[in-house]
2 protein chains.
Amino acid sequence: MYEGAVQDLIDELGRLPGVGPKSAQRIAFHLLQIDGPDAQRLADAITRVKDTIRFCARCWNVSEAEECRICQDPRRDPAVLCVVEEPRDVLAIERTREYRGRYHVLGGAISPIDGVGPEELHIRELLARVGEEPVEELIIATNPNVEGEATASYLSRLLTHHDVRVTRLASGLPVGGDLDYADEVTLGRAFVGRRELGA
Amino acid sequence: MYEGAVQDLIDELGRLPGVGPKSAQRIAFHLLQIDGPDAQRLADAITRVKDTIRFCARCWNVSEAEECRICQDPRRDPAVLCVVEEPRDVLAIERTREYRGRYHVLGGAISPIDGVGPEELHIRELLARVGEEPVEELIIATNPNVEGEATASYLSRLLTHHDVRVTRLASGLPVGGDLDYADEVTLGRAFVGRRELGA
């Protein structure tokens, strides 16, 4: 065992996604060896993100205000909503510059194995928006994997009797992967070729 | 680009060893989504490690006091010094329970490609200890790779005219790897089978 403070840091780092015990140890010693202010910048960035960032009250994207920048932007088309799993997917789609509508972040995808059902996602809030906002099209941009497809089918069935067009991003995205790993061209083309989703 | 605080956190995380841009993004969103106190524990652990941990004035291991626990322990044999590259190597060797001497942490290995020469390592301090302390044997436990071997040869030549036995950990350690990845049995055997190092 290391001296208390070092072991505590290794333990905390080891709880991060994708950081195993050996990586945690390497990162801890890296932090020990760099200058104090450089390490403190990371500590402060963590504190600050928790203090200043919340989720947009409308679309559940990350936000520093009650509503996120995109929801506040009057130039974004309120008739089109793009439904994604995570805030990082919003960024991936923004990078394509193909999309001028708004978003709705579900906070994940339906996955019975992980205990994530429809009630764990922001689907109720999505239905409320479809009722209250002038939404004409819903582009379902969940990941092209099992959970994302299941979520897309679920939403499509749920919205059958609503007066809204439900589309799904075109294939062209590599199947089995994560949306936010796609390059801009592929993702942009998937937007252009989006198809109607049958119930 | 994300809202400022999120991007700042991603940037800081991306500076850690072994954390690429995608990992940094995933870790940042993980920190955003967990409870405030859980995230704060990581931030505090970083601050605390920088506030409380320094390097042992004698052996350059990590320490909460002027001298580390091992140097302060009167049961450790002062006649044997084990020379390692990094503090994490001390822990790896302690786990074998084969070693009852003391340590000297060089802070790296000689590597001209990375601009690390002997003067960047704690070699001058090692020579001072050999002169001042009752050291009879120096076990060179640098990594069994190119840099570690070069450092071992350098030290061996440097100590030719000192009245001290210089040994090197036995092979048995997988060549080309890092010392702290070895299992306890392999590392323990390497201690038992250590060999005399000719100049």
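All chains are named by letter (A, B, ...) in the order of the sequence lines, taking the proteins before the strands, and each is independently numbered beginning at 1.
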Report task. Identify which part of A:Ser23 has an atom lying under 4.5 Å from any heavy atom of chain B, answering side chain, backbone, both or neither. Result -> neither

Query raised in the report: chain B heavy atoms under 4.5 Å from A:Glu86: which part of the residue, side chain, backbone, both or neither?
Result: side chain

Report task. Let me know if A:Arg54 has heavy atoms under 4.5 Å from chain B in its side chain, its backbone, both or neither. Result -> neither

Query - Choice from B:Lys22, B:Gln33, B:Arg15 maximising heavy atom contacts with chain A below 4.5 Å - result: B:Lys22

Report task. Report yes if the side chains of A:Arg48 and B:Asp8 come closer than 4.5 Å at any heavy-atom pair, otherwise no. Result -> yes

Query raised in the report: Any side-chain heavy atom of B:Leu42 within less than 4.5 Å of one from A:Leu16?
Result: yes

Report summary line: In terms of heavy-atom contacts, A:Ala5 and B:Thr52 come closest through CB-OG1, 3.3 Å

**Report entry** Heavy-atom pairs under 4.5 Å with chain A, option from B:Asp51, B:Val90, B:Thr47 with the top count
**Finding:** B:Thr47

Query raised in the report: Of the non-hydrogen atoms in B:Leu32 and A:Val49, which two are nearest, and what is the gap between them?
Result: CD2-O, 4.3 Å

**Report entry** Region of A:Asp38 that comes under 4.5 Å of a non-hydrogen atom in chain B
**Finding:** backbone

Query raised in the report: Backbone N or O of B:Leu31 within a donor-acceptor pair of the A:Lys50 side chain at under 3.5 Å?
Result: yes

Report summary line: Value for CD (B:Glu12) from CZ (A:Arg41), rounded to nearest 0.5 Å, stands at 4.5 Å

Query raised in the report: Is it the backbone or the side chain of A:Val19 that comes under 4.5 Å from a heavy atom of chain B, or both, or neither?
Result: side chain

Query raised in the report: Taking B:Ile34, B:Ile27, B:Asp44, B:Leu13 one by one, which has the highest count of heavy-atom pairs under 4.5 Å against chain A?
Result: B:Ile27

Report task. Quick one: which of A:Gly36, A:Ala43, A:Ala39 has the most heavy-atom pairs under 4.5 Å with chain B, could you say? Result -> A:Ala43

Requested in this report: Measure the CD1-CZ distance between B:Ile53 and A:Phe29 for me, rounded to the nearest 0.5 Å.
Outcome: 9.0 Å

Report summary line: On a heavy-atom basis, the closest approach of A:Glu64 and B:Gly4 is OE2-N, 3.7 Å

Query raised in the report: Honestly curious: do B:Leu106 and B:Val146 fall in one hydrophobic cluster under the side-chain, below-4.5 Å linking rule?
Result: no

